[in-house]
Amino acid sequence: MRATKMFLCTLREDPAEAEVDSHILLLRAGFIRQFAAGVFAYLPLGLKSLKKIENIIREEHSFIGAQETQLSILQTRELWEEAGRWDVYGDILFRLKDRKDRDLCLGPTHEEPITDIVRNMIKSYRELPVALYQIQTKFRDEARPRFGLIRCREFLMKDMYSFHETKEDLEKFYKQVARCYERIFSRLNLTYYKVEADPGVIGGSANHEFVVPGLSGESQVFMCSKCNYKATSEKASGKISEIPLEKVEESIREVYTPQANSIEKLANFLDIKPSNIIKTMVFIADDQPIVVLIRGDYEVNEAKLINNLNISELRVATGEEVIRYFSSPIGFLGPKNLPALTTLLADESVFTLKYGVVGANKEDYHLLGFNPHKDLTGSIIKGNYRSTKNDDLCPLCEAPLKEIKGMEVGHVFNLGTKYSKAMKATFTNREGTEQSFLMGCYGIGVSRSLQSVAEEHHDENGLQWPISVAPYELVIIPIDYQKPDQKNAADQLYQKLLSLNFEVVLDDREITAGVKFKDADLIGYPIRVTISPRTLAKGVIEVKLRKDGSSELISQEEIANYLLHLKTRLFKEIEETVPPLLTIG
RNA sequence: CGGGGCGUAGCGCAGUCUGGCUAGCGCGCUUGGUUCGGGACUAAGAGGUCGGCGGUUCAAAUCCGCCCGCCCCGACCA
């Protein structure tokens with residue numbers, strides 16, 4: 001491609017709308033353009049890179065026998081009601097009506113349509129397993145779109161759904177897909193972690209997230225500092241590291257604690273550590289109040305509560321609700337003398353205390369010397385309801401866990417029969433009886449991956465695409481294309497490289513060399529070839545790598561051959577990081 | 001949804017507090033000339049519903065009200 005014919009629109013200055021490096025650079029280099037919050041257009045360069053990612057995904061999916069489909073974006077309310085998600089999905093679902101006033105939505109994910117297709121078309125175990133995927137635009141009305149392509153309302157996703165006869169077959173395929181994902185992210189040259197995750201509203205049992213580090217605020221992951229354990233904050237089950245013992249009061253005694261209505265104030269007032277306090281939290285779970293006890297230095301993890309209680313809706317109770325149900329203001333609530341039949345849950349951390357401080361159920365008073373082992377009466381549901389924190393201990397090897405911020409680029413779910421049962425998707429098994437499909441679903445954020453690669457591969461001058469994702473592999477920059485000898489050399493090399501199937505840009509613009517260099521750095525072509533009168537006089541041409549700035553002078557006769565080898569080498573460096581395929585055993 | 005910031009030429013910004021000539025600056029763009037290894041120099045130009053609507057005023061980018069949009073933090077989040 002000649003630069004004079006390209007849709008190049010690089011920006012000299014950082015756009016005000018972006019703050020994250022990768023977002024700024026994708027805008028500045030002319031890869032994307034924003035239309036509304038979380039809504040983007042892909043410009044020619046961006047689309048080229050996006051297609052590279054898509055094709056890597058297609059190739060790797062073909063290796064595990066998955067077939068590409070394209071499901072409709074527009075979906076009906078009826079289909080969504082079958083699996084019970086029309087109401088559950090809430091505001092995130094883009095809803096619309098057609099001219100006959102029928103309810104429709106724009107697909108945020110495609111479990112329902114795929115299950116509908118398979119239940120109608122697959123009737124026998126002989127046709128299983130089946131794995132279908134699509135690379136499709138998804139719509140989610142996110143509460144807060146942010147970071148460019150990272151959290152969008154319209155975005156590109158690869159989603160795959162698999163259908164199996166047996167649990168074993170599903171588990172085997174699940175592992176193959178996980179490996180498929182590892183291969184894809186390796187080929188994108190992304191640093192990623194495969195971590196145990198929480199299923200959320202998708203449901204099912206086993207599931208793993210693929211997380212790339214960086215872009216804080218999106219996803220929290222806990223990694224063991226010693227072994228291989230990695231889990232998201234909703235899932236991580238860190239062991240409690242600190243078991244405090246101080247100021248032991250051995251029997252219950254009421255103390256006056258004016259205005260000490262928070263853990264911090266109470267700890268200061270009594271001069272003890274937060275870990276010596278038992279916090280009493282009230283939640284409204286499906287319209288019923290529940291009380292959760294937890295040690296003062298931990299936070300309640302709502303996702304864990306939801307999963308443990310098998311409820312669909314959970315929120316923290318308001319101050320008025322707490323007074324209405326328990327006649328005590330927030331901050332002075334405690335487990336002693338609660339109304340009978342109160343659902344009472346206690347996090348394991350509470351039982352690391354021999355004696356702790358609890359609310360007295362009246363304003364400005366707390367109780368010292370509360371013994372959770374003896375003084376907790378009635379039925380208590382013990383469990384892990386706390387968010388793991390830094391330096392909690394690994395559940396596998398007890399080394400300290402460390403928190404990292406990351407971003408989810410892929411997720412694999414073992415769904416079991418959640419959707420097939422709800423949607424009556426069955427087949428006839430080899431015993432001749434009807435059975436629900438066992439399902440898996442597997443997603444990759446494609447547009448998000450594009451920005452993740454940009455986030456990991458850039459410097460202060462611009463993008464540094466790995467060759468597998470770069471919109472073009474190489475740029476030829478003649479210092480002055482108007483000079484016949486440079487023009488000849490550049491044209492000749494350009495034609496030669498085109499014939500060798502290089503994806504190459506010839507920067508034939510009539511501008512100073514500096515601008516061409518700056519643009520090349522910003523756009524991030526992996527290889528830059530400079531045609532200069534200085535080197536031409538010596539019969540050589542400069543070849544420079546964007547990723548490390550290294551350069552070499554190559555003779556004009558050797559240049560095409562050299563570039564061919566260089567390109568092969570760059571691809572090979574990436575391929576060497578790709579783990580082997582898992583073959584079906 | 002709560003908190004904060006912003007909206008003036010294609011892009012980045014000043015001007016708003018303290019109302020007052022024809023709304024500025026840099027980059028980019030157009031034309032001519034000189035340049036050509038890291039966003040050149042020079043001369044001449046084009047380009048604006050000051051986010052929108054309403055109000056106050058002799059006079060509004062500037063003050064007041066309502067609305068819209070974008071960004072950041074939080075809540076939320078396959």
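In what follows, chains are A, B, ... by sequence order, proteins preceding strands, each numbered from 1.
- Under the Watson-Crick or G-U wobble criterion, with both distances below 3.5 Å, B:C17 is left unpaired in every strand shown.
- Residues that satisfy the salt bridge (charged side-chain N to carboxylate O under 4.0 Å, His left out) test with A:K167, not counting sequence neighbours, are absent from this structure.
- Residues satisfying the salt bridge (charged side-chain N to carboxylate O under 4.0 Å, His left out) test with A:R151, not counting sequence neighbours, are A:E142, A:E218.
- Checking B:C70, B:A40, B:G37 against the side-chain heavy atoms of A:S532 singles out B:G37 as nearest.
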Could you list all N or O pairs between the protein and nucleotides 7-11 of chain B that sit under 3.5 Å apart?
none

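- At the heavy-atom level, A:T535 lies under 4.0 Å from base atoms of the strands shown.
- Across all strands shown, A:E209 has no heavy atoms under 4.0 Å from either base or sugar-phosphate atoms.
- Across all strands shown, B:A75 remains unpaired; no Watson-Crick or G-U wobble contact has both distances below 3.5 Å.
- Across all strands shown, B:U34 pairs with B:A40; the Watson-Crick or G-U wobble distances both stay below 3.5 Å.
- B:A9: no Watson-Crick or G-U partner with both key distances under 3.5 Å is found in any strand.
- Remark: B:A60 base-pairs with no nucleotide; criterion is Watson-Crick or G-U wobble with both hydrogen-bond distances under 3.5 Å.
- A donor atom on one side chain and an acceptor atom on the other are not found under 3.5 Å apart for A:R119 and A:Y419.
- Across all strands shown, A:R448 has no heavy atoms under 4.0 Å from either base or sugar-phosphate atoms.
- Pair assignment for B:C66 gives B:G52, based on Watson-Crick or G-U wobble hydrogen-bonding distances that are each under 3.5 Å.
- Counting to the nearest Å, the C1' atom of B:G37 and the NZ atom of A:K518 are 12 Å from each other.
- Protein atom CZ of A:R85 is 14 Å distant from nucleotide atom P of B:C77, rounded to whole Å.
- Not counting sequence neighbours, the partners of A:K304 by the side-chain contact (heavy atoms from CB on, under 4.5 Å) test are A:N301, A:N308, A:N384, A:T388.
- Under the side-chain contact (heavy atoms from CB on, under 4.5 Å) criterion, A:E542 pairs with A:R528, A:T530, A:K544, A:S551, A:L553, sequence neighbours left out.
- The CD1 atom of A:I476 sits 17 Å away from the C1' atom of B:G37 (whole-angstrom rounding).
- Here B:C6 presents its C1' atom at 14 Å from CD of A:Q34, a figure rounded to the nearest Å.
- The pair A:E111-A:R85 meets the salt-bridge criterion, with a side-chain N (NZ, NE, NH1 or NH2) lying under 4.0 Å from an Asp/Glu carboxylate O.
- Out of B:A40, B:C70, B:G38, the shortest distance to the side chain of A:R528 is found at B:G38.
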Pairs under 3.5 angstrom, nitrogen or oxygen only, protein versus nucleotides 30-36 of chain B, please.
none

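- None of A:F7, A:W465, A:Y42 except one satisfies the ring-ring contact (aromatic ring centres under 6.0 Å, His included) rule with A:F31; the exception is A:W465.
- Searching all strands for a Watson-Crick or G-U wobble partner of B:G45 with both distances below 3.5 Å returns B:C29.
- Within the 4.0 angstrom heavy-atom criterion, no nucleotide atom of any strand lies near A:A18.
- Considering only side-chain N and O atoms, A:R146 lies nowhere under 4.0 angstrom from the phosphate OP1 or OP2 of B:C76.
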